[in-house]
Amino acid sequence: MDPVEPDARARAWEEFVEAVLSCVEQVPPGRVTTYGAIADAVGRHGPRRVGNVMSRHGGAVPWWRVVRADGTLPACHDGEARQHHLEEGTPLRRSGKVDLPAAFFQPESGPA
DNA sequence: AACCTGACAGCCG
DNA sequence: ACGGCTGCCAGGT
């Protein structure tokens, strides 16, 4: 019978992952984007799923350029991310957060 | 099949 | 400004 898609769901998820990673790579140095922005760009799932993808495949992209909606650095290795931002000249606030209005970048779900 | 966890986001106190 | 709770969706145990 036409078991054309033994795991169409897994495939869809893989596609989602590719789209997310693509968006992160689009973010230029000195700029940052948010999980919600990526989720919005991809137009599927939610920001939480984006975070999940990053934790698994984030090692292949500039993960430090992805921050929370309020400018808070990633939940892990915030010190590591801080170092990268200081080096790239990302507008940081005394609060230890990123100045989103100044550094926010909206990627697209394009094919990279 | 059920329950818990999770690189989040938004609202409330 | 900060901490806590809830909502959403998929994965892992």
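Order of the sequence lines sets the chain letters (A, B, ...), proteins ahead of strands, with each chain counted from 1.
No close placement of the A/His77 and A/Trp64 rings is indicated, their centers lying 6.0 Å or farther apart.
Distance NE2 (A/His84) to P (B/dA7): 19 Å, rounded to an integer number of Å. B/dG6 atom P lies 18 Å from atom NE2 of A/His57, rounded to whole Å. Between A/Asp70 atom CG and B/dC11 atom C1' there is a gap of 13 Å when expressed in whole angstrom units. Rounded to an integer number of Å, the gap from CH2 of A/Trp63 to P of B/dC8 is 13 Å. Across the protein-nucleic acid pair, A/Met54 atom CE and B/dA7 atom P stand 12 Å apart, rounded to whole Å. When rounded to the nearest whole Å, the span between CZ of A/Arg68 and C1' of B/dC8 equals 6 Å. The CG-P distance, from A/Leu73 to B/dA9, rounds to 13 Å in whole Å. Distance, A/Ile38 CD1 to B/dA9 C1': 14 Å, rounded to whole Å.
Two residues, A/Pro47 and A/Lys97, neighbour DNA chain C, and the one matched to the more 5' nucleotide by heavy-atom proximity is A/Lys97.
Annotation: salt bridge (Lys or Arg N to Asp or Glu O under 4.0 Å) contacts of A/Glu80 (sequence neighbours excluded): none.
Taking a cutoff of 4.0 Å between a charged side-chain nitrogen and a carboxylate oxygen, A/Glu15 and A/Arg44 do not qualify as a salt bridge.
Between the A/Thr33 side chain and the A/Val66 main chain, no donor and acceptor come within less than 3.5 Å of each other.
For the atom pair A/Trp13 CH2 and A/Asn52 CG, the distance stands at 5.5 Å (nearest 0.5 Å).
As judged by a 4.0 angstrom heavy-atom cut-off over every strand, A/Gly36 is placed among residues touching the sugar-phosphate backbone only.
A/Val32 and A/Phe105 are members of different hydrophobic clusters when ILVMFWY side chains are connected at heavy-atom separations under 4.5 Å.
In 5' to 3' order, the nucleotides of DNA chain C bounding all contacts with chain A (an atom under 4.0 Å from a heavy atom) are C/dG7 to C/dG12.
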